[in-house]
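Per chain, numbering begins at 1; letters A, B, ... match sequence-line order.
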Amino acid sequence: MSGNEHLQLSISTEPDVVYVRQAVRKLASEIGFSLIDQTKLVTAASELARNALIYGGGGMATIEKKQQGTRTGVCLTIQDQGPGIENIEKALEDGYSTGSGLGLGLGGARRLSNEFEVKSAPGEGTTVSITRWL
Amino acid sequence: MTTSPQNSADSRLPLVIEKNLDRILDTWISELQVDGGRLLNLIRESELREQASRFLDLLRKAIKVAGVNPEKTAAYDELRDLLDELSRSRSEQGFTPTETATFVFSLKRPLFRELKEAHGDNDTTALLDDIWQATMLLDRLGLNTTEVFINTREAIIQRQQQDLLELSTPVVSLWNGILALPVIGTLDSERTQTVMESLLQKIVATGSDIAIIDITGVPAVDTLVAQHLLKTVTAARLMGAECIISGIRPQIAQTIVHLGVELGNVTTKGTLADAFALALKKKRQKVQDI
């Protein structure tokens with residue numbers, strides 16, 4: 001299969017977060033993810049999309065089907081042009097939040113996915129990319 | 001706007017409409033019969049003719065008083081009201097916004113034809129000027145109908161959102177002193193606020209001391225939802241009621257563990273039935289066969 005399914009959604013309001021979640025769930029269930037894996041991926045998507053909305057002032061979500069050898073997965077990239085993360089190590093720590101949340105979102109998203117990557121620098125926005133394999 | 005008063009004074013538009021009102025109306029109607037698509041399937045011709053003639057009449061009056069600039073002039077209010085009403089009733093009758101706007105746009109051809117006749121072949125510049133102004137005017141009026149259409153739709157969407165908020169937060173009394181709150185759908189901040197408020201109010205109103213929050217209908221629990229739940233539990237506790245969270249499905253349980261959310265000393269149960277049994281036990285009551 002060469003056709004890369006690929007969907008871009010903008011995140012600028014709270015209902016957009018719900019929309020991202022639904023889109024991720026749809027793709028994951030089409031590919032054949034189990035209910036548990038769907039829920040994990042959807043929850044991670046929810047955390048990241050909400051982070052982009054609250055801390056990044058809104059952003060873009062890219063959802064795509066990933067094919068690597070015989071493996072199939074879902075890759076989600078969330079990008080914002082916000083203030084960026086000063087200390088990524090610290091941001092990944094459980095219980096650390098610069099806002100009023102529980103401080104578990106970013107770390108939680110990492111634990112809920114198979115591959116996890118954050119790119120961010122102060123003033124340059126944040127890009128978080130996660131993949132979960134079938 | 002660049003329309004100078006001189007232009008509208010020179011314009012033959014008012015005069016042309018005034019003089020050829022009936023002919024314009026006739027050509028417009030036949031134009032609508034061709035262009036209007038399903039128009040005549042959904043509206044009787046007599047009704048259409050009446051609407052068109054009212055529109056033309058009001059247009060004539062408005063141009064006479066205020067020239068061809070419909071922005072913010074009171075003279076166009078009546079015409080705009082007519083269009084609002086038209087647009088609203090058309091959207092109820094199932095017309096698309098395009099079809100509604102076409103009603104206005106299709107006046108162009110008959111109008112331009114009359115303008116051309118009035119100016120003759122010699123005065124091309126003045127003719128172009130007039131056509132340009134007529135186009136601008138009809139374009140704006142046509143777009144107006146689209147705007148009304150969208151506003152009507154948006155009002156419906158907003159009302160539905162409100163309905164959803166209200167619908168999804170019923171607090172039910174299960175037993176003397178035991179409340180249940182079945183949460184269905186996505187818990188965002190606004191909804192949680194409503195949920196929390198109605199629960200706390202019902203606790204006071206019924207004097208209940210146990211509240212069961214059932215999340216079977218919540219598709220995913222992320223950290224924000226968890227935080228909202230914990231806050232609700234804490235608030236209820238401050239009011240002297242104990243909360244039991246039920247309906248945590250296997251996939252949700254796993255996700256909560258991965259997220260690292262501590263539900264702490266909140267009592268949780270798999271199903272609403274289990275939670276109810278526990279609540280009865282806490283109240284030292286039981287349901288018996290008779």
Gln254(B)-Thr39(A) side chain donor-acceptor pair, cut-off 3.5 Å: no
How about Gln8(A): does its CD atom have over 12 heavy atoms from other parts shown lying under 6.0 Å from it? yes
Part of Ser100(A) lying under 4.5 Å from any heavy atom of chain B: backbone
Where do Leu102(A) and Ala226(B) come nearest, in terms of heavy atoms and distance? CD1-CB, 4.4 Å
With a 4.5 Å cut-off on heavy-atom pairs, point out which of Ile252(B), Asp222(B), Leu230(B), Val221(B) contacts chain A the most. Asp222(B)
Lys26(A), NZ: over 12 other non-hydrogen atoms inside 6.0 angstrom: no
Closest non-hydrogen atoms of Thr43(A) and Ala220(B), given as atom of the first, atom of the second and distance, are OG1-CB, 4.1 Å
Would you call Gln251(B) and Ser34(A) a side-chain contact if the rule is heavy atoms closer than 4.5 Å? no
For atom CD of Gln285(B), decide whether the heavy atoms of other residues, nucleotides or ligands shown that lie under 6.0 angstrom number more than 12. yes
Heaviest contributor of heavy-atom pairs below 4.5 Å to chain B, chosen from Ile36(A), Val42(A), Val18(A), is Ile36(A)
For Arg153(B), does the CZ atom have more than 12 heavy-atom neighbours from other residues, nucleotides or ligands under 6.0 Å away? no
Contacting moiety of Val225(B), where chain A heavy atoms sit under 4.5 Å: neither
Any sub-3.5 Å donor-acceptor pair from Arg25(A)'s side-chain atoms to Pro219(B)'s backbone N or O? yes
Using side-chain contact (heavy atoms from CB on, under 4.5 Å), reason through Glu47(A) and Leu224(B) one step at a time and then give a plain yes or no. CA-CA 8 Å; Glu47(A) 299 296 344; Leu224(B) 189 76; 6.0 Å; no
Checking an interface table here. Which of residues 202-214 of chain B come within a heavy-atom distance under 4.5 Å of chain A? none
Compare every heavy atom of Lys40(A) with every heavy atom of Thr255(B), then report the nearest pair and how far apart it is. CG2-CA, 4.1 Å
With a 4.5 angstrom heavy-atom cut-off, which part of Arg110(A) approaches chain B: side chain, backbone, both or neither? neither
Is the number of heavy atoms from other residues, nucleotides or ligands under 6.0 Å of Tyr19(A) OH greater than 12? no
